[in-house]
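For reference, positions follow the sequence shown, starting with 1.
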Amino acid sequence: MRFYAVCTEAIEHTHRALQQLEQRRQGSSRPSRALRVAQLYGHLQCRARDGAAVQLGLRDLAAAWHLQPRELRADLKDLQAIGWLHYSSGPAGLRIQLTEPALAAAAATQLPETSAVVAPSEPAQSLIDQFAAHYNRQRPASWPAYSPRGSALAARLRRAIAHAGGPETFWPVLTQALAGMPEFWRSTYPQGRSGADCAAALFSADRHAAGLGVEFWHVFCWGATQPVAGGAVGAAVGHAPGPQESDFRRACRLFAWGDHAWRGQGMEAFALPNSEKQRLTELLEAAGLGAHGQAARQFAQTTTA
């Protein structure tokens, strides 16, 4: 049996990231908790292979570690909140997709070496203030103004900027997203919600795409962006109803996994021929979603004499 150590720098990095969550933290505020959270992330890194998602039975792991499941779930929620992973529940347990902590250093806890002089929240707050000003200038009239309290969105905002390739490409994408959002989000969603709720919605994905990656966040799906080499995102392309979809993104939009079968989302999915339904859901299965082979079983063509 080999024991894998969590380095001291990783524990300190985790501790600073947890501090950034402020009131949104799910678990305790004791400094020693950083060791457990860092240990959990290191465990998931050991289980991940070539960037593939990790399937985790939360209760089984909690029992093996002599912890309560609620404790590990709180750890996962905090790790997701600081941008180091995304997870979703399914029939086989939790499906966890890791992101590289080295990227999250810019997203959650990038502190200058003179951190004893400069408050850790200042860089994040400056970025949040810049986002709030842009949001309030460009938001549709149906969305309430955003008055930030704290820097809760800083981690996701920095991840979005990094994914876009830098501030110079991200801000035009944000402008297009606010102008080109679907009608439901423009008129129905903001009813009874705060500006903070609406701002946070830009950095989340539809339920069927939860955990699939930054590129599925609304700010990019609504931003009518085109991917370019290196994973960056090109400039917004006018006020089209939506982005030019890849087949995989279209599959994510039209189909969701539930009750051990693929479920169509809306009339567009319903109207597709079975051959197209099978092709699209097989793309999802190839990405590790649903149950392998269900697309062929569910949408296989039948012939009549």
Side-chain angles (χ1 to χ4, degrees), residues 53 80 83 85-88 95 97 99 103 107 131 134-135 138-140 142-143 146 153 155-190 193 195-257 262-269 272 280-281 283-284 286-290:
Q80 179 165 263
L85 58 77
H86 297 281
Y87 72 91
S88 57
R95 182 179 186 272
Q97 183 70 55
T99 56
L103 298 178
F131 166 76
H134 196 100
Y135 168 99
Q138 305 292 340
R139 64 185 173 89
S142 54
W143 276 33
Y146 173 47
L153 278 181
R156 290 202 159 211
L157 179 55
R158 281 189 170 124
R159 288 187 63 206
I161 292 173
H163 177 75
E168 67 282 357
T169 50
F170 173 74
W171 298 118
V173 169
L174 176 60
T175 297
Q176 174 60 21
L178 290 167
M181 67 180 65
E183 183 58 29
F184 166 84
W185 291 93
R186 180 181 300 277
S187 59
T188 303
Y189 177 79
R193 288 185 166 87
D197 294 331
C198 292
L202 291 164
F203 303 99
S204 63
D206 289 341
R207 183 175 61 181
H208 58 270
L212 293 181
V214 177
E215 64 271 24
F216 291 94
W217 288 357
H218 291 134
V219 67
F220 295 112
C221 289
W222 301 344
T225 55
Q226 299 294 332
V228 296
V233 176
V237 290
H239 291 266
Q244 296 294 316
E245 290 182 301
S246 67
D247 283 349
F248 181 71
R249 178 173 290 178
R250 182 169 178 244
C252 290
R253 177 171 60 83
L254 294 180
F255 295 94
W257 178 257
W262 290 109
R263 306 296 181 188
Q265 305 294 299
M267 290 302 298
E268 182 181 351
L272 292 175
L280 292 175
T281 50
L283 291 176
L284 299 177
L289 303 176

* Mark yes or no for whether S142, through its side chain, and R186, through its backbone, hold a donor-acceptor pair below 3.5 Å. => yes
* Of the non-hydrogen atoms in P172 and P167, which two are nearest, and what is the gap between them? -> CD-O, 4.3 Å
* Asked: Between L174 and Q138, does a side-chain contact (heavy atoms from CB on, under 4.5 Å) hold up when you go through it step by step?
  -> CA-CA 9 Å; L174 176 60; Q138 305 292 340; over 6 Å; no
* For H218 and A201, work out which heavy atoms get closest and say how close. => ND1-O, 2.7 Å
* Asked: Does W143 reach the main-chain N or O of W185 with its side chain, forming a donor-acceptor pair under 3.5 Å?
  -> yes
* Can you measure from CG (L254) to CG (L272) and round to the nearest 0.5 angstrom? => 6.0 Å
* Structure fact -> Taken in chain and number order and not counting sequence neighbours, the residues that satisfy ring-ring contact (aromatic ring centres under 6.0 Å, His included) with W217 are none
* Structure fact -> To the nearest 0.5 Å, atom CE of M181 lies from atom CH2 of W222 at 5.0 Å
* Interatomic spacing from CZ in R139 to NE2 in H134 - rounded to 0.5 Å -> 13.0 Å
* **Heavy-atom closest pair, residues F216 and C221** => O-SG, 3.4 Å
* Just jot down the ring-ring contact (aromatic ring centres under 6.0 Å, His included) partners of Y146, sequence neighbours excluded, or say none. => F131, Y135
* Under 4.5 Å between any side-chain heavy atoms of T188 and E183, yes or no? -> no
* To do: Please report the C-alpha distance between W262 and L280 in whole Å, then the side-chain angles of each, then the deciding distance to 0.1 Å, and finally whether the side-chain contact (heavy atoms from CB on, under 4.5 Å) criterion is met.
  => CA-CA 10 Å; W262 290 109; L280 292 175; over 6 Å; no
* To do: For L153 and A200, work out which heavy atoms get closest and say how close.
  => CD2-CA, 4.0 Å
* Of all residues at least two apart in sequence or in a different chain, which pass the side-chain contact (heavy atoms from CB on, under 4.5 Å) check with Q80? -> L85, H86, Y87, R156
* Asked: Looking only at heavy atoms, what is the nearest atom pair of F203 and L157, with distance?
  -> CZ-CD1, 3.7 Å
